[in-house]
Structures are given as structure tokens and as C-alpha cells.
Amino acid sequence: MNPQLPPLYPITDTKLSGLPHSRQVALLVEGGATVIQIRDKDCTADELYRATVACVAIARAQGVRIIVNDRADVALAADADGVHLGQDDLPAGEARTLLGPSRIVGVSTHTLQQAIEASSLPVDYVAVGPAFPTSTKVNPDPVVGLTLIAEVSRRIDKPVVGIGGIALERARAVLNAGAASVAVISALYTSGDISLRTTEFLNLLTG
Ligand code: 3NM
């Protein structure tokens with residue numbers, strides 16, 4: 001557990017990018033991403049499974065890890081590297097039992113209480129958000145701001161991932177608040193060049 005998370009944690013989005021998950025993964029990897037989440041709220045389990053298998057094939061050849069949003073069963077079936085759980089998904093302990101000790105299990109939280117509770121579960125990281133207003137998530141929780149990210153980072157001993165509305169110019173502040181990584185969707189897909197934007201994020205976050 002607790003593998004090192006890179007400072008940038010890109011998440012795929014077929015609607016915003018207009019591309020299949022596997023093509024997004026190829027471009028994100030080209031830009032330097034080393035952990036990528038496959039997120040698709042609209043597809044069937046069968047479609048998500050097939051997309052994840054294709055993404056794992058591309059990513060693993062480059063030493064890049066693939067994490068599946070919501071579905072521990074799909075992550076296991078597709079031999080992905082982990083799962084990212086929402087508050088309404090399988091409990092983290094059950095996902096850990098399914099996926100075993102080596103795969104990554106992360107969880108989304110939106111309040112201090114949720115984050116502290118999540119940190120006591122067998123998870124590798126705790127995501128906290130939305131950091132800023134976001135139009136990517138349907139019915140997002142209230143914005144938590146950098147204040148909660150900083151407080152959670154102080155109070156738990158697991159890596160914190162900031163998520164929600166993280167544009168290039170705001171990304172560094174999220175790490176400065178104490179997060180180990182920033183999870184990003186729209187800011188990667190709205191500039192036109194996904195690889196370049198990925199590299200720009202990484203340069204900014206590691207520089
Ligand atoms: N989860 P963007 S916010 C998927 O608060 C997701 O847990 C959130 O997309 C949370 O970078 C969010 O385009 C959307 O704002 C992130």
C-alpha cells in the first residue's frame with residue numbers, strides 16, 4: 001500500500017476529449033503521465049472492461065499504472081492497477097479484499113469527517129474535493145477549497161489527492177496546501193494538445 005503517487009493524476013473523459021479512453025491514455029503517457037484513471041459514467045460494464053483492457057495494454061508497456069473509477073470488479077477483471085472509489089461504491093475494505101494488497105485503492109471524500117474516516121481504511125490515498133468549482137462532475141459536492149485540503153493533509157498520514165476545477169494556474173497551490181497529487185480532467189482536454197498540456201502540468205508541479 002501507499003505507492004508513491006506522481007504529482008499529476010490525469011483522468012480520462014471521452015466527452016471532453018472526443019477520444020476513446022485508449023487514445024487519451026496514449027497521449028497522456030506521451031506527455032509524461034505515470035498514473036491515469038479511466039472514468040466513464042455513461043458506459044456499460046462491458047464497455048468499461050474492454051476500454052480498460054486496451055488502456056492497460058498501452059500503459060503497462062510504458063510502466064504506467066491504470067486505475068478504474070468506481071468499479072473494483074472491472075479493475076480486477078481487466079487486470080488494472082487499482083480502483084478509485086466514490087462514497088457510494090463498494091466499501092474500501094471490500095475492494096481491498098477483492099484487489100489484494102498490491103493494487104491501488106483510493107477513495108473520494110468531500111468533508112473532513114469523510115477524509116479522516118477514509119484514512120483509517122485500507123486505502124492508498126484519499127482524494128479531497130472539489131477544490132474549486134467544476135462543471136465536469138454531475139451534482140458536485142460543495143467546493144471545499146484549499147483550506148480543507150490543507151487541513152486533511154495535516155491530519156491524515158495518507159497521501160491526499162486534490163480534485164475538482166484544478167486549472168494549470170491553480171495546480172501548484174494545491175500541492176503547496178499539502179496535497180501529494182492533483183487529479184485533473186477538463187484542464188487537460190480543453191487546450192487542444194493533450195500531451196503538451198500534460199507535460200506543462202508536470203513541469204509546473206515538479207519545477
Ligand atoms: N470528482 P475537473 S470533482 C471527478 O469532488 C470529480 O470528488 C470530484 O474534473 C470530487 O478537473 C471531479 O474538470 C471533477 O474539474 C474533476
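Values below: every heavy atom of this structure, side chains too, minus hydrogens, waters and symmetry copies. We count ligands from 1, going down the list as the structure has it; atoms in each ligand are counted the same way.
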Closest protein heavy atom (residue, atom, distance) for [atom]:
atom                    : result
atom 3 (S) of ligand 1  : Gly164 CA, 3.7 Å
atom 14 (C) of ligand 1 : Thr134 OG1, 3.7 Å
atom 8 (C) of ligand 1  : Lys137 CD, 3.6 Å
atom 7 (O) of ligand 1  : His110 CE1, 3.0 Å
atom 11 (O) of ligand 1 : Ile185 N, 3.0 Å

With a 3.5 Å distance limit and no angle check, can you tell me whether [X] reaches the backbone of [Y] through a side-chain donor-acceptor pair?
X      : Y      : answer
Arg60  : Val64  : no
Asp124 : Gly106 : no
Thr12  : Arg39  : yes

*Show the numbers, then the answer: is there a salt bridge (Lys or Arg N to Asp or Glu O under 4.0 Å) between Asp73 and Arg71?*
CA-CA 5 Å; Asp73 56 343; Arg71 300 289 300 254; 2.8 Å; yes

_Closer than 4.0 Å to some heavy atom of Ser186 - which atoms of ligand 1 meet that?_
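That gives atoms 2 (P), 11 (O), 13 (O) of ligand 1.
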
_Numbering as shown, the atoms of ligand 1 that approach Gly165 to under 4.0 Å (heavy-atom distance)_ =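 Counting atoms of ligand 1 from 1, those under 4.0 Å from Gly165 are 2 (P), 11 (O), 15 (O).
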
Ignoring angles and geometry beyond distance, decide whether [X] reaches within less than 3.5 Å of ligand 1 through its nitrogen or oxygen atoms.
X      : result
Arg39  : no
Pro130 : yes
Thr136 : yes

*Taking atom types as modelled, is there a side-chain donor on Ser17 or Gln24 under 3.5 Å from an acceptor on the other?*
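Side-chain D/A pair, Ser17 to Gln24: present.
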
_Using 0.5 Å steps for rounding, measure from the CD1 atom of Ile104 to the CD1 atom of Ile67._
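Between atom CD1 of Ile104 and atom CD1 of Ile67 there are 4.0 Å.
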
*Please name the residue in the list Gln114, Gln87, His84 that meets the side chain to side chain donor-acceptor pair (under 3.5 Å) test with Ser108.*
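One option only clears the test, and that one is His84.
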
*So if you build clusters from Ile, Leu, Val, Met, Phe, Trp, Tyr with side-chain heavy-atom gaps below 4.5 Å, do Val143 and Leu112 land together?*
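No.
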
*Would you call Ile163 a ligand 1 contact, heavy-atom distance under 4.0 Å?*
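Heavy atoms of Ile163 do come under 4.0 Å of ligand 1.
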
*Of all the heavy atoms in Pro140, does at least one lie under 4.0 Å from an atom in ligand 1?*
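In this structure, Pro140 fails to qualify as a contact of ligand 1 - no heavy atom is under 4.0 Å.
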
